[in-house]
Each structure stands twice: as structure tokens, then as C-alpha cells.
Amino acid sequence: MNTIDLQGRTAIVTGGAQGIGLATAERLVSSGARVIVWDINADGVDAAVKQLGHGTSGQALDLTDEKAVIRAAEAAIANGPIDILVNNAGITGGNAKTWELDTAVWRQTVEVNLIAPFLTSKALVPHMMGNGYGRIINVASIAGKEGNPNASHYSASKAGLIGLTKSLGKELAQTGVLVNCLTPAAARTPIFDQMSQEHIDFMLSKIPMGRFLEPHEVAAMIAWLASEECSFTTGGVFDISGGRAVY
Ligand SMILES: NC(=O)c1ccc[n+]([C@@H]2O[C@H](COP(=O)([O-])OP(=O)(O)OC[C@H]3O[C@@H](n4cnc5c(N)ncnc54)[C@H](O)[C@@H]3O)[C@@H](O)[C@H]2O)c1
């Protein structure tokens, strides 16, 4: 594993209680960062904080609740500068044809996957601009580039997150705050429990490498995007799809 220097940096990782978020938090901690885990799963936050050590702290909150996000951001900033924000929390909303999907589930998927990263960015960007430094990494999905059948809510929310990344990246391009996103293919994490086996099989069949992505592989890309070495890239969309993406 390459050493990426995040000494002295503080990172908020949303959805850090499990899966890709927890793997990312581990990688950032091993690179020297102090991590703050934000997740709706209070027990998961406690377990992650214990597991990660190294000054890690946590906050249980629903990221779709703007007031809760503002409160958590204020509490985090009160303890020192926030350098890194990883918008990773997400849900699939299940699988069905578009016309069969429940409207409330469609809205909730967009709330968690797109509106929440907007809320966390809104709460933290002015602080990062004031510091003249920040790295925001949004975890989108290959579904946002290609559009997966039976996942229009998920695909649309992730396409929206890619658009948010591009717009915000340009707005902040001269501030020292860089905004990038990545578009992973499927990784076997607890999120698979939210999908049909048919859909999981479909996703694997689309990956030329013929295997699922490993969470630590995403974490490695995020760690670099979170570092000072990522210095001339903003509004970027990074592929990590085992060869699936063709653009
Ligand atoms: N695993 C995959 O196949 C895959 C592929 C592409 C993209 N992604 C994306 O990667 C990210 C992480 O996925 P994962 O596989 O680790 O999923 P996961 O289900 O294992 O973890 C998601 C985390 O987000 C948290 N969360 C959900 N809703 C929340 C809310 N309202 N407020 C706060 N926290 C909330 C959950 O409690 C959980 O800890 C997601 O954005 C997902 O869409 C995953």
C-alpha cells in the first residue's frame, strides 16, 4: 500500500459505519488523518469509532435533515478545521421498473444520495473557503453515467451527484477547495441486501474484469483525491469500474 500523507488533516466521512465508508475511514486514518464518522446508524458509528481509534469521533445523524447537518458541522468545526469531506452515504431504494417504483422511495433515494451531499457541502464549503483549503469527494456510481435498468431512482440520483460535483468544482476552482467524484461499479457490501439477486448478477455481468470491486480499492482512490497531491483536478469524475465505463 502506498503511503499518502494526510497528517494533520481532519476528514468527515458520511456513511462511515460500514462498507465503502468504513474502508475509506480506515485508509484515511492509516494515512494520518483524524476522521469524524457521520452515519444514521448510531451503533455502527460507535463500533466504527472504537475500531478506527486514532482520535476518531462520530456523530449519529440523518443526513437528509438539514438542521442536523448544520448542527453536526458546527460541532465538528468547533474542534478545529475540517479539511476533507467524503460524501459516501447512500441507499439503493431497491429494484423495480421505473413505473413500478414507489414515489416516496424514489424521493427518499434522491434525498439521501443527492440532497444530503448538497446539504453537507452547503454546511462546510464556506468554512473550507475561509481556510483556503479543502477536498470534497463524492461517491457516485457507474449507474449515474450509464443508467442501470431497474434502478432509475438510484441512477438519476448519482447522475445528479456527478452534476453537483462538476458545478461546485468550477465554483470553487480558485479557492483551494477541490471537488471530485468517483463512479464505482458494484462492491460486495451490506448495500447488496437492498438489491435483488437478479440485479446483482446483472451488475457483475457488466464488469469486464469479471469480479466485484473491493472497498479498499475505492478507499485508495479516495485517499489520493483527499490529499494535497491532488492539486490540479476539480470537477472530475474518476472511473473505478473494472473496465465497464467507456467514457
Ligand atoms: N457497494 C456498491 O456496489 C456500490 C457501487 C457504486 C456506488 N456505491 C456507493 O457507495 C456508497 C457507499 O456504499 P456501500 O456499499 O458502502 O453501502 P452501505 O449500505 O454498506 O453503507 C452506506 C452507509 O450509509 C449510511 N446511511 C444511509 N442513509 C443515511 C442517512 N440518511 N444519513 C446518514 N447515513 C446514512 C448507512 O447507515 C450505511 O452505514 C453509496 O453512496 C453507494 O451508492 C456503492
Side-chain angles (χ1 to χ4, degrees), residues 12-27 36-49 51 58-69 71-73 85-95 105 107-120 137-148 151 153-162 164-165 181-196 199-204 206-207 211-219 221-222 237-242 244-245:
I12 292 172
V13 179
T14 75
Q18 65 184 35
I20 290 170
L22 182 57
T24 299
E26 278 171 354
R27 179 72 199 235
I36 305 170
V37 172
W38 285 1
D39 200 292
I40 200 167
N41 174 356
D43 291 343
V45 169
D46 288 347
V49 168
Q51 181 185 323
Q59 176 69 55
L61 80 165
D62 181 349
L63 290 157
T64 66
D65 177 347
E66 184 166 17
K67 289 198 175 85
V69 170
R71 274 198 305 273
L85 168 64
V86 183
N87 282 312
N88 161 79
I91 58 171
T92 70
N95 300 119
V105 172
R107 286 188 199 278
Q108 179 65 7
T109 305
V110 173
E111 284 278 345
V112 176
N113 294 355
L114 176 57
I115 312 277
F118 158 69
L119 295 177
T120 56
I137 300 98
N138 295 323
V139 181
S141 168
I142 185 73
K145 290 170 83 173
E146 295 205 351
N148 278 342
H153 48 351
Y154 183 77
S155 303
S157 69
K158 294 299 189 178
L161 187 55
I162 293 169
L164 170 63
T165 304
C181 73
L182 16 76
T183 54
R188 190 182 290 286
T189 72
I191 210 170
F192 272 30
D193 298 343
Q194 303 171 29
M195 293 183 268
S196 67
H199 192 69
I200 292 167
D201 295 344
F202 163 78
M203 292 190 304
L204 181 58
K206 298 287 283 183
I207 301 174
R211 67 165 174 89
F212 289 118
L213 167 69
E214 295 292 333
H216 71 83
E217 295 176 304
V218 195
M221 187 179 271
I222 292 175
V237 184
F238 283 72
D239 170 61
I240 179 155
S241 68
R244 175 173 170 183

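The shown structure was predicted, so the numbers you read here are calculated from the model rather than taken from an experiment. Numbering of ligands and ligand atoms starts at 1, following listing order.
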Worksheet, complete the sentence: Only one of V86, L161, N88 passes side-chain contact (heavy atoms from CB on, under 4.5 Å) with P117, and that residue is L161
Item to complete: Please check if atom CZ in R211 has more than 12 non-hydrogen atoms from other residues, nucleotides or ligands closer than 6.0 Å.
Response: yes
Practice prompt. Compute the shortest N/O to N/O distance between N41 and ligand 1 and return yes if it is under 3.5 Å, no if not.
Written response: no
Practice prompt. With heavy atoms of D62 as the reference, note each atom of ligand 1 found under 4.0 Å away.
Written response: 30 (C), 31 (N), 32 (N)
Worksheet entry | Proximity to ligand 1 by part of L61, non-hydrogen separation under 4.0 Å | backbone
Worksheet item: What's the verdict on side-chain contact (heavy atoms from CB on, under 4.5 Å) for F202 and L204, showing C-alpha distance, side-chain angles and the deciding distance?
Response: CA-CA 6 Å; F202 163 78; L204 181 58; over 6 Å; no
Item to complete: Decide, yes or no, whether a salt bridge links E214 with R188 under the criterion of side-chain N to carboxylate O below 4.0 Å.
Response: no
Item to complete: Can you pull out the closest protein heavy atom to atom 14 (P) of ligand 1? Residue, atom name and distance to 0.1 Å, please.
Response: T189 OG1, 3.4 Å
Fill in: Residue F192 vicinity, atoms of ligand 1 by number, heavy atom under 4.0 Å
3 (O)
Worksheet item: Which heavy atom of the protein is the closest neighbour of atom 1 (N) of ligand 1, given with residue, atom name and distance?
Response: A187 O, 2.9 Å
Fill in: Atoms of ligand 1 close to P190 [distance to a heavy atom under 4.0 angstrom, numbered from 1]
20 (O)
Discussion item. Heavy-atom pairs closer than 4.0 Å: do any link ligand 1 to the side chain of F212, the backbone, both, or neither?
Written reply: neither
Worksheet entry | Heavy-atom pair with the smallest gap, counting every atom of G19 and P215 | O-CB, 4.4 Å
Discussion item. If I take atom CG from residue D239 and atom NZ from residue K145, how far apart are they, to the nearest 0.5 angstrom?
Written reply: 5.0 Å
Item to complete: Take Q18 and T189 through the side-chain contact (heavy atoms from CB on, under 4.5 Å) test and state the conclusion after the steps.
Response: CA-CA 8 Å; Q18 65 184 35; T189 72; over 6 Å; no
Item to complete: Give the residue and atom name of whichever protein heavy atom lies nearest to atom 40 (C) of ligand 1, and the separation in Å to one decimal.
Response: N88 O, 3.0 Å
Practice prompt. State the atoms of ligand 1, each with its element, that fall below the 4.0 Å cut-off from a heavy-atom position in V139.
Written response: 9 (C), 10 (O), 11 (C), 41 (O)
Worksheet, complete the sentence: Separation between CZ (R244) and CD (E146), nearest 0.5 Å, reads 4.0 Å
Worksheet entry | Distance-minimising heavy-atom pair for N95 and A151 | ND2-CB, 4.1 Å
Discussion item. Show the nearest heavy-atom pair for residues G44 and A17, with the distance to one decimal.
Written reply: C-CB, 3.6 Å
Discussion item. Under 3.5 Å between any N/O of D39 and any N/O of ligand 1: does that happen in this structure?
Written reply: yes
Item to complete: Using a 4.0 Å heavy-atom cut-off, say whether A116 meets ligand 1 through its side chain, its backbone, both or neither.
Response: neither
Worksheet item: In the protein, which heavy atom is nearest to atom 5 (C) of ligand 1, and how far is it?
Response: A185 O, 3.2 Å
Response to the item:
The atoms of ligand 1 lying under 4.0 Å from a heavy atom of A186, numbered in the order shown, are 3 (O)
Response to the item:
min-distance protein heavy atom vs atom 42 (C) of ligand 1 -> Y154 OH, 3.5 Å
Worksheet item: Without hydrogens or angle criteria, can the side chains of N148 and S155 be said to hold a donor-acceptor pair below 3.5 Å?
Response: no
Worksheet item: Of the protein's non-hydrogen atoms, which lies at the shortest distance from atom 6 (C) of ligand 1, and what is that distance?
Response: P184 O, 3.3 Å
Practice prompt. I would like to know whether N138 and T165 meet side-chain hydrogen bond (donor to acceptor under 3.5 Å, both in side chains); could you show each step before the answer?
Written response: CA-CA 7 Å; N138 295 323; T165 304; 3.0 Å; yes
Worksheet, complete the sentence: Closest non-hydrogen atoms of I162 and C181, given as atom of the first, atom of the second and distance, are CG1-SG, 4.0 Å
Fill in: Nearest protein heavy atom with distance in Å, relative to atom 28 (N) of ligand 1
V112 CG1, 3.7 Å
Item to complete: Consider ligand 1: state whether an atom of it lies below 4.0 angstrom from any non-hydrogen atom of K158.
Response: yes
Discussion item. Under 3.5 Å between any N/O of L63 and any N/O of ligand 1: does that happen in this structure?
Written reply: yes
Discussion item. Out of A140, A89, P215, who is nearest to atom 7 (C) of ligand 1 when you count heavy atoms only?
Written reply: A140
Worksheet item: Less than 3.5 Å between some nitrogen or oxygen of Q18 and one of ligand 1, yes or no?
Response: yes
Discussion item. If you take the nearest heavy atom of each of S141, G19, G90, A17, which one is closest to atom 22 (C) of ligand 1?
Written reply: G90
Item to complete: Determine, step by step, whether I191 and Q194 satisfy the side-chain contact (heavy atoms from CB on, under 4.5 Å) criterion, reporting the C-alpha distance in whole Å, the side-chain angles of both residues, the deciding distance to 0.1 Å, and the verdict.
Response: CA-CA 6 Å; I191 210 170; Q194 303 171 29; 3.8 Å; yes
Discussion item. How far is atom 29 (C) of ligand 1 from the closest protein heavy atom, and which atom is that?
Written reply: I40 CG2, 3.9 Å
